[in-house]
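In what follows, a single structure is set out as structure tokens and then discussed.
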Amino acid sequence: MVVIASPDDRWSWIEIDLSALRRNTTAFKRRLERGVQMMCVVKADAYGHGAVRCANAMHAAGADQFAVATVREGVELRRAGIELPILILSQPPVESVQTLVEHDLMPCVFEADFALALGEAAAAAGTVAKYHLIVDSGMTRIGVLPADALELRRAIDFHRGLECAGTLTHFATADVPDDRDFALQLNRFHSTCQAIRDAGLDCGLVHCDNTPGTLLHPECHFDMCRVGIGLYGLDAAETTRSALALEPVMSVRSRVTRVVYPEVGAGVGYGMTYRVPKRNIQVATVPIGYADGLSRTLSNNMDVLVGGRRQPQVGNICMDQFMFAVDVNANRTCCPVPEVHVGDVVTLIGADGNEQISADEMARLRGTINYEIVCNFGQRLEKIYV
Ligand SMILES: *Cc1c(COP(=O)(O)O)cnc(C)c1O
């Protein structure tokens, strides 16, 4: 295992493997036919991995455009000097139109009032604002309904401050093979684009595939794919697992800050939900807690890796710390379990020796998906790029 120096103000950190990120990005880019663009999705601080550093690595590995969720996320990329096109995957508040124009950020549009305000702001600045028309083809999240799409385009296209640079939709079931709802969504999207073209209007770049769509539905790559989770080396779903070999980019590590051999019966943590059951149980403390993204729902129900071995987490996870137990006598007959020491590296996500804990394993234990695991860890822990 590569031992990385901890940040000097805290014993916990996230390791971001930028070369794995570049290899994943290249692997997706190779899946796209020549001429199909790759929009790398770096919303939520690149799914917790750090948007600016990741976007730069993705750019070097073939990204054509970026997508974020909020205006602030777009501004952050622009301030860091990123010049590729940036799409905001929402229609932000109308109050933000000035900022969009100033930083050359493309919003998704599904309402005329917003689009016209954007056009006004652009015209006043002597420029043209690009936007993407977002169609709700069946997910019932955001977008103009297929029946209203052409009318919306007609209601805004006269404006000299507006240019439609793309038309998109988002699938609810792209990870389900041979899915009827997917086929319905695709059909509706297809007809909507066709109606716009038949009216003599330009759709701009047509795009709809996310990570599972890109892997399972190459027939819908169209002009661009919007790839997110796969770039970070995680499988979008069970069904895409075998489609492309990916390398996880994020590891979560910390160091033991204290070890003790409590008396038999001693309680551990708030509520004392774990009691030391016998002699020679070592209890070690680790400075990561639920405020760092380690959900309290994992209390007494997860493992950590130390010295290449799995050890059980014990007691309720605190805001900034948790404990784990080492049964030092466990394998006395053959191979004794070594004690842990203050300063030992503890791995929550990632590899240590031959053992590994994946974001998927933690997601299963929490009843969620790997997306939420990495987003959560990205919120407070310092990132170290390797
Ligand atoms: C988040 C998002 C994506 C990327 O999804 P992944 O499953 O992470 O690839 C693509 N398109 C839209 C509209 C999104 O919100």
Side-chain angles (χ1 to χ4, degrees), residues 21 24-25 27-29 31-32 36-49 51 54-55 58 62-71 73-74 77 85-92 105-110 131-144 165-176 179 182 185-186 189 204-218 220-241 243-244 246 248-250 359-360 363 368-376 378:
L21 181 71
N24 294 334
T25 307
F28 272 95
K29 181 82 176 185
R31 279 296 167 101
L32 310 186
V36 177
Q37 296 196 35
M38 180 163 62
M39 173 175 270
C40 292
V41 182
V42 294
K43 63 193 180 191
D45 203 23
Y47 295 42
H49 294 65
C54 289
M58 290 162 175
D64 298 293
Q65 309 212 7
F66 292 110
V68 295
T70 66
V71 176
E73 290 173 355
L77 294 183
I86 298 174
L87 177 67
I88 299 179
L89 297 169
S90 63
Q91 181 185 280
L105 302 169
M106 302 181 288
C108 285
V109 159
F110 58 90
Y131 72 90
H132 287 222
L133 181 78
I134 185 161
V135 180
D136 177 5
S137 60
M139 183 170 168
T140 319
R141 188 167 72 173
I142 55 168
V144 63
T167 303
L168 72 146
T169 194
H170 195 51
F171 294 118
T173 58
D175 57 333
V176 184
D179 185 63
F182 180 90
Q185 280 199 267
L186 179 58
F189 181 55
L205 297 174
V206 172
H207 53 110
C208 55
D209 270 341
N210 56 358
T211 296
T214 302
L215 294 173
L216 302 180
H217 298 283
C220 334
H221 284 183
F222 301 129
D223 298 319
M224 185 159 73
C225 291
R226 303 187 303 268
V227 186
I229 196 75
L231 300 174
Y232 308 101
L234 301 175
D235 294 307
E238 206 61 52
T239 48
T240 64
R241 195 170 297 279
L244 189 60
L246 298 169
V249 173
M250 178 189 287
D360 287 297
T368 183
I369 52 177
N370 54 25
Y371 294 69
E372 188 176 6
I373 302 295
V374 287
C375 283
N376 287 171

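Computed over heavy atoms, backbone and side chain alike; hydrogens, waters and symmetry mates excluded. Atoms within each ligand, like the ligands themselves, are counted from 1 in listed order. Residue numbers count from 1 along this sequence.
- Side-chain N or O atoms of Asp223 include none that pairs as donor or acceptor with a backbone N or O of His207 at under 3.5 Å.
- Side-chain atoms of His221 come within 3.5 Å of backbone atoms of Thr214 as a donor-acceptor pair (strictly under, hydrogens ignored).
- Outside the 6.0 Å centre-distance limit, the rings of Phe171 and His217 are not counted as a close aromatic pair.
- Applying the side-chain contact (heavy atoms from CB on, under 4.5 Å) rule to Ala237 yields the partners Asp175, Thr239; only residues at least two apart in sequence or on another chain are considered.
- By the side-chain contact (heavy atoms from CB on, under 4.5 Å) test, Asn370 pairs with Ile229, Leu234, Ala359, Asp360, sequence neighbours left out.
- Listed by chain and residue number, Arg72, Glu73 satisfy the side-chain contact (heavy atoms from CB on, under 4.5 Å) test with Thr70 (two or more places apart in sequence, or in another chain).
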Taking a 3.5 Å cut-off between nitrogen or oxygen atoms, can you list every pair linking ligand 1 to the protein, with distances?
unit_1	atom_1	unit_2	atom_2	d
ligand 1	7 (O)	Tyr371	OH	2.6
ligand 1	8 (O)	Tyr47	OH	2.6
ligand 1	8 (O)	Ile229	N	2.8
ligand 1	9 (O)	Thr211	N	2.9
ligand 1	9 (O)	Thr211	OG1	2.5
ligand 1	9 (O)	Gly228	N	2.9
ligand 1	11 (N)	His170	ND1	3.4
ligand 1	11 (N)	Arg226	NE	2.8
ligand 1	11 (N)	Arg226	NH2	3.4
ligand 1	15 (O)	Lys43	NZ	2.8
ligand 1	15 (O)	Arg141	NH2	3.3

